[in-house]
Amino acid sequence: TCQVHFESSNWKSLSIKRLTDSRLHGSTGLRSGSQANFFPPLEDAMLPSGSFNNRMALITGGGTGLGRAMTATLSQLGAQCIIASRKLDVLQRTAEEISSQTGNKVHAVQCDVRDPQAVSQCVDQIEALTGLPDVIINNAAGNFVCPSERLSPNAWKTITDIVLNGTAFVTLELGKRLIQNQKGASFLAITTIYAESGSGFVVPSASAKAGVEALYKSLAAEWGRYGHRFNIIQPGPIRTKGAFSRLDPTGAFEKAMIDRIPTGRLGTPAEIANLAAYVSSNYASWMSGAVIRFDGGEYVSLAGEFNELRSVTPDQWKLLEAMIRKTKGS
Ligand SMILES: CCCCC/C=C\CC/C=C/C=C/C(=O)SCCNC(=O)CCNC(=O)[C@H](O)C(C)(C)COP(=O)(O)OP(=O)(O)OC[C@H]1O[C@@H](n2cnc3c(N)ncnc32)[C@H](O)[C@@H]1OP(=O)(O)O
Ligand SMILES: NC(=O)C1=CN([C@@H]2O[C@H](COP(=O)(O)OP(=O)(O)OC[C@H]3O[C@@H](n4cnc5c(N)ncnc54)[C@H](OP(=O)(O)O)[C@@H]3O)[C@@H](O)[C@H]2O)C=CC1
């Protein structure tokens, strides 16, 4: 007989650990598999400098995490950026830090995207500050892990309002004004890999992100005639305080997560910022309706039924192969 021991799950050995500040604030995955050495993250801006000269970019949720990284890259490449979210003090700090590094103005505008009136006033402010933007990145989101039977109606409403309604309010308000002014624009939505598969324990987020994808694919078809492109990036795990403190508050799931990523590490904010900059740039002017998965291979790794066979050793394969070859008939 052939005894093959599959190390099926690291989950059993997971212990509850507190996340330290340094782990939350590090930009790359501190833990990684050895194959991560093949896939080092490059942190520099990828596009030629000046790629966004004379262009205005709105980034919702641009004060923190991935939105902040996208703002920094677009600003470095010459864009005048506007960042919008609820916490004006956070936005102003980020705006000053990025402006002082790049020499390009970053404006901070307070806006709760759940409130259509606030969105309309925010767009008034943007028009007064910079004129209508050429680049719109819908990045703001809310999320937390929670068994669905524990969700209150308001918990459901809070997440779906930020993610789906917020994205729709921002997109429709800007879209209508851009159409009126006969101005083209690139719209980008940041969703997640489970927008496609669904996922337990983040059901309001999964439902709302799937809605965002339907919204963007639909508008890509409808509003091309107005000069508008719509694209979607689905990131896999990238360490940010906002995401990790709400999705893995103890840090207990991080190792299992990295183990299932074929490239052996988390993504970095700078990597997604480069991709977002490319998609939003004129180098991608033929790209519309695209859904770009950016996850180090995690989605396909989770999907393939036989992927657990990665843990079979060469000796075990010899035995397995011999058994399979010996089989005659059905
Ligand atoms: C193992 C995996 C580890 C890491 C994996 C990483 C990557 C994989 C893919 C990741 C995808 C990530 C997607 C993301 O979107 S991450 C973005 C995360 N960032 C944020 O959420 C920032 C903004 N968030 C917030 O401001 C709050 O968290 C908010 C969403 C709750 C909104 O705040 P606020 O408007 O102030 O709402 P509240 O009044 O506090 O709450 C409203 C409502 O919700 C209930 N509620 C709040 N928290 C919880 C909870 N943890 N569990 C259950 N219910 C909750 C709250 O009680 C209110 O309901 P009531 O009925 O009581 O009124
Ligand atoms: N990090 C990751 O691993 C992954 C992230 N994503 C997606 O990436 C995007 C960025 O997430 P990340 O940077 O990790 O997390 P953050 O929590 O840092 O970013 C979320 C941003 O959304 C803003 N926001 C939340 N609610 C509102 C609101 N009602 N109105 C306006 N702005 C709001 C927050 O600002 P404020 O509090 O000031 O309002 C914050 O800046 C999100 O769309 C998320 O779903 C997807 C997959 C993986």
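For ligands, and for the atoms within them, numbers begin at 1 and follow the listed sequence.
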>> I'd like to know whether I179 forms a side chain to side chain contact (heavy atoms under 4.5 Å, CB included) with H228, so could you lay out the CA-CA distance, the side-chain angles of the two residues, the decisive distance to 0.1 Å, and finally the verdict.
In response: CA-CA 9 Å; I179 291 168; H228 299 165; 3.7 Å; yes

> Any idea which part of K209 is under 4.0 Å from ligand 2, heavy-atom wise: side chain, backbone, both or neither?
Replying inline: side chain

> Which pair of non-hydrogen atoms, one from G198 and one from A206, has the smallest distance, and what is that distance?
Replying inline: CA-CB, 4.3 Å

>> With heavy-atom distances below 4.0 Å as the criterion, list the atoms of ligand 2 near I162.
In response: 26 (N), 27 (C), 29 (N)

>> Out of all atoms in ligand 2, which are within 4.0 Å of some heavy atom of G65? Include the element for each.
In response: 13 (O), 18 (O)

>> Looking at Y299, I'd like to know if the NZ or CZ of R293 sits under 6.0 Å from its six-membered ring centre while staying within 45 degrees of the ring's axis.
In response: yes

> Taking only heavy atoms of A243, which atoms of ligand 2 are found under 4.0 Å from at least one of them?
Replying inline: 1 (N), 2 (C), 14 (O)

>> Between ligand 1 and R150, can you find any atom pair, the residue atom being a heavy atom, that is separated by under 4.0 Å?
In response: no

>> Looking only at distances, can you tell me whether any N or O atom of Y194, backbone or side chain, sits closer than 3.5 Å to an N or O atom of ligand 1?
In response: no

> Atoms of ligand 2 less than 4.0 Å from T191 heavy atoms?
Replying inline: 6 (N), 7 (C), 46 (C), 47 (C)

> If you count the atoms of ligand 1 from 1 in the order shown, which ones are under 4.0 Å from a heavy atom of D248?
Replying inline: 3 (C)

> Got an N/O contact under 3.5 Å between S152 and ligand 1?
Replying inline: yes

> Atoms of ligand 1 less than 4.0 Å from A141 heavy atoms?
Replying inline: 15 (O), 19 (N), 20 (C), 21 (O), 22 (C), 23 (C)

>> Assess the residue pair T171 and Y216 against the criterion (side chain to side chain contact (heavy atoms under 4.5 Å, CB included)); give the C-alpha distance rounded to whole Å, side-chain angles, the decisive distance to 0.1 Å, and a yes or no.
In response: CA-CA 9 Å; T171 303; Y216 265 45; 3.0 Å; yes

> Which is it for I159 and ligand 1 at heavy atoms under 4.0 Å: side chain, backbone, both or neither?
Replying inline: side chain

> Is there any N or O on R239 that sits under 3.5 Å from an N or O of ligand 2?
Replying inline: no

>> Pairs of nitrogen or oxygen atoms closer than 3.5 Å, one from N154 and one from ligand 1: do any exist?
In response: yes

>> Need the ligand 1 atom indices (1-based, order shown) with element for anything under 4.0 Å from a heavy-atom of R114.
In response: 35 (O)

>> For atom 25 (C) of ligand 2, tell me which residue out of A208, G61, A141, P237 has the closest non-hydrogen atom.
In response: A141

> With respect to atom 18 (C) of ligand 1, which of G242, C146, G236, S245 exhibits the smallest heavy-atom separation?
Replying inline: G242

> Could you go step by step and tell me if Q76 and Q101 meet the side-chain hydrogen bond (donor to acceptor under 3.5 Å, both in side chains) rule?
Replying inline: CA-CA 8 Å; Q76 191 186 335; Q101 280 162 17; over 6 Å; no

> How does Q234 reach ligand 1, if at all, at less than 4.0 Å between non-hydrogen atoms: by side chain, backbone, both, or neither?
Replying inline: neither

>> Taking a cutoff of less than 4.0 Å between a non-hydrogen atom of the residue and any ligand atom, is K241 in contact with ligand 1?
In response: no

> Do you know which two heavy atoms are closest between I59 and A57, and how far apart they sit?
Replying inline: CD1-O, 3.8 Å

> Under 4.0 Å from any heavy atom of R114, which atoms of ligand 2 are there?
Replying inline: 29 (N)

> Should E254 be listed as contacting ligand 1, given a heavy-atom distance under 4.0 Å as the test?
Replying inline: no

>> With nothing but distance in play, are any N or O atoms of R86 less than 3.5 Å from an N or O of ligand 1?
In response: yes

>> Is there a polar contact, in the sense of an N or O pair closer than 3.5 Å, between K209 and ligand 1?
In response: no

> Considering only heavy atoms, which of G65, A155, A243 lies nearest to atom 16 (S) of ligand 1?
Replying inline: A243

> Which protein heavy atom lies closest to atom 31 (C) of ligand 2, and at what distance to 0.1 Å?
Replying inline: C111 O, 3.2 Å

> Numbering the atoms of ligand 1 from 1, which are under 4.0 Å from a heavy atom of G142?
Replying inline: 20 (C), 21 (O), 30 (C)

> Between G175 and W223, which heavy-atom pair has the shortest distance, and what is it?
Replying inline: CA-CZ3, 3.6 Å

>> Using a 4.0 Å cut-off to any heavy atom of T192, which atoms of ligand 1 qualify?
In response: 9 (C), 11 (C)

> What do we get for T158 next to ligand 1 when only non-hydrogen atoms under 4.0 Å count, side chain, backbone, both or neither?
Replying inline: side chain

> When you measure from atom 12 (C) of ligand 1 to each heavy atom in D161, I193, V163, L247, which option holds the nearest one?
Replying inline: L247

> Of all the heavy atoms in G166, does at least one lie under 4.0 Å from an atom in ligand 2?
Replying inline: no

>> Using a 4.0 Å cutoff against the non-hydrogen atoms of G236, which atoms of ligand 2 qualify?
In response: 3 (O), 48 (C)

> In terms of atom number and element, which parts of ligand 2 are under 4.0 angstrom from non-hydrogen atoms of I238?
Replying inline: 1 (N), 2 (C), 3 (O)

>> At less than 4.0 angstrom from any non-hydrogen atom of F253, what atoms of ligand 1 do you find?
In response: 1 (C)

> Measuring from the heavy atoms of G142, does anything fall under 4.0 Å of ligand 2?
Replying inline: no

>> Is there a polar contact, in the sense of an N or O pair closer than 3.5 Å, between V113 and ligand 2?
In response: yes

> Just which atoms of ligand 1 are under 4.0 Å from any heavy atom in P237?
Replying inline: 6 (C), 7 (C)

